[in-house]
Structures are given as C-alpha cells and as structure tokens.
Amino acid sequence: QVQLVESGGGLVQAGDSLRLSCAASGRASSSHAKGWFRQAPGKEREFVAAISSSGGSTYYADSVKGRFTISRDNAKNTVYLQMSRLKPEDTAVYYCAGRSGVVATTILSTYDYWGQGTQVTVSS
C-alpha cells in the first residue's frame, strides 16, 4: 500500500513563494500519476495540479496556471508543487494524491490514495 506524506506548508505573505513536497512510500508509486488538491474552510476539495507518471504531461487549474508548477523526481519518489506569487485565496489545506495509472487526471474521484495534507496560509 502506498503512503503519501506532504511537507512544506506554512504561513507566508501575499506575493511570496512556497514549495510543497509529497514523499511516497512503495516503488510502484513512481509509475503512478500524482495530483495536488486543496480544500479551504467551508469549501469542497478542488483540483490544483496533476502530473503523469513520466512527468511528461501536466495539468493546472485556471486559478493557479502561470503561478504554480508541479514536478516529480521518480528517483526520490517525490512530487513537488512550487507555488509563486501566492494570494490570500490560495489559503487551504493542500493534499497530495496518487492513482494507479500513468495518466494524470483533474478529477478527484479517480485518485486512489491520499496524504494527510499540509496547511498553507497566505496573509494579505
């Protein structure tokens, strides 16, 4: 069973940058597509970014396109989310997710396993 552990969250000011990491256990996870989702208080969990197993394909929510970059290092079994020009509306718990397939998707229900989440708070 694959386990995901997120790290890198914190409190930053608007305009700052932050990099989230998602470390996976289990060799099989390096062949799985991964995604980042977020959930703000009182709101549903929403898609942020996704990456195929090879890293050759990436997808972004319109709200983060041009500011966030998803990447992966399969040798380290780790996925990253580089966040730049952060806004207060980016405040949320950020979750890493994986699916037993090579193709990335933007749909929450297609992901098979999840991390515990890491809090990102952006002050104005």
Side-chain angles (χ1 to χ4, degrees):
Q1 185 175 356
V2 179
Q3 292 187 329
L4 301 174
V5 178
E6 301 99 331
S7 61
L11 172 62
V12 297
Q13 293 187 333
D16 285 351
S17 298
L18 205 58
R19 189 177 81 158
L20 305 183
S21 298
C22 172
S25 65
R27 293 181 181 179
S29 66
S30 64
S31 63
H32 295 171
K34 298 293 193 314
W36 285 96
F37 293 78
R38 67 186 182 187
Q39 188 167 18
K43 295 187 177 181
E44 293 187 352
R45 195 170 297 188
E46 65 176 7
F47 168 74
V48 175
I51 188 167
S52 62
S53 61
S54 68
S57 297
T58 57
Y59 305 91
Y60 297 94
D62 287 343
S63 59
V64 307
K65 202 170 293 183
R67 299 188 299 122
F68 290 11
T69 301
I70 189 171
S71 62
R72 65 190 297 161
D73 184 338
N74 285 341
K76 295 182 178 179
N77 228 350
T78 301
V79 176
Y80 304 97
L81 185 68
Q82 178 68 48
M83 305 184 294
S84 302
R85 289 181 282 144
L86 282 161
K87 304 176 181 179
E89 50 263 45
D90 293 320
T91 294
V93 177
Y94 283 71
Y95 297 90
C96 179
R99 60 188 305 269
S100 302
V102 299
V103 176
T105 80
T106 65
I107 303 171
L108 186 151
S109 62
T110 63
Y111 286 81
D112 302 308
Y113 51 94
W114 295 78
Q116 82 289 350
T118 185
Q119 177 71 48
V120 172
T121 303
V122 184
S123 64
S124 57

Can any side-chain N or O of [X] pair as donor or acceptor with the backbone N or O of [Y] at less than 3.5 Å?
X      : Y      : value
Lys34  : Ser29  : yes
Ser124 : Pro88  : no
Arg85  : Gly66  : yes
Asp16  : Leu86  : no
Glu6   : Gln116 : yes

- Contacts of Ser100 that satisfy side-chain contact (heavy atoms from CB on, under 4.5 Å) - sequence neighbours left out: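 Result, side-chain contact (heavy atoms from CB on, under 4.5 Å) vs Ser100: His32, Asp112.
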
- Qualifying residues under side-chain contact (heavy atoms from CB on, under 4.5 Å), relative to Ala23, sequence neighbours excluded: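 Ala23: side-chain contact (heavy atoms from CB on, under 4.5 Å) contacts with Thr78.
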
Calculate, to the nearest 0.5 Å, the distance between atoms [atom1] and [atom2] belonging to [X] and [Y] respectively.
X      : Y     : atom1 : atom2 : result
Ser53  : Arg99 : OG    : CZ    : 10.0 Å
Ser17  : Arg67 : OG    : CZ    : 10.0 Å
Gln119 : Leu11 : CD    : CG    : 9.5 Å
Arg38  : Arg45 : CZ    : CZ    : 13.0 Å
Thr118 : Leu18 : OG1   : CG    : 8.0 Å

- Evaluate side chain to side chain contact (heavy atoms under 4.5 Å, CB included) for Arg19 paired with Tyr80, printing each intermediate quantity in order. CA-CA 7 Å; Arg19 189 177 81 158; Tyr80 304 97; 3.7 Å; yes

- Sole residue of Tyr95, Trp114, Tyr94 in ring-ring contact (aromatic ring centres under 6.0 Å, His included) with Phe37: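 Only one of Tyr95, Trp114, Tyr94 forms a ring-ring contact (aromatic ring centres under 6.0 Å, His included) with Phe37, namely Trp114.
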
I'd like to know if [Y] and [X] are part of one continuous hydrophobic network [Ile/Leu/Val/Met/Phe/Trp/Tyr, side-chain heavy atoms within less than 4.5 Å].
X      : Y      : answer
Tyr113 : Leu81  : no
Val93  : Phe68  : no
Phe47  : Met83  : no
Leu4   : Leu108 : no
Val122 : Trp36  : yes

- Query: At their closest point, which heavy atom of Val64 faces which heavy atom of Val48, and how far apart are they?
  - Reply: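 Scanning both residues completely, I find the closest heavy atoms to be CG2-O, 3.5 Å.
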
- Can you name the nearest heavy-atom pair linking Ser25 to Asn77, along with the distance?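 Taking Ser25 first and Asn77 second, the nearest heavy atoms are C-ND2, 4.4 Å.
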
- Which pairs with one or both residues in residues 101-111 pass side-chain hydrogen bond (donor to acceptor under 3.5 Å, both in side chains), sequence neighbours excluded?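 Matches after skipping sequence neighbours: Thr105-Thr110.
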
- Flag the pair Asp62 and Lys65 as a salt bridge only when some basic side-chain nitrogen lies within less than 4.0 angstrom of an acidic carboxylate oxygen.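 Here Asp62 pairs with Lys65 in a salt bridge, since their nearest N and O are under 4.0 Å apart.
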
- Is any side-chain heavy atom of Arg72 less than 4.5 Å from a side-chain heavy atom of Asn74?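 Yes, at least one pair of side-chain atoms sits under 4.5 Å.
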
- Message: Other residues, nucleotides and ligands only: do more than 12 of their heavy atoms fall within 6.0 Å of CD on Glu89?
- Response: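 Counting other residues, nucleotides and ligands, CD of Glu89 exceeds 12 neighbours.
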
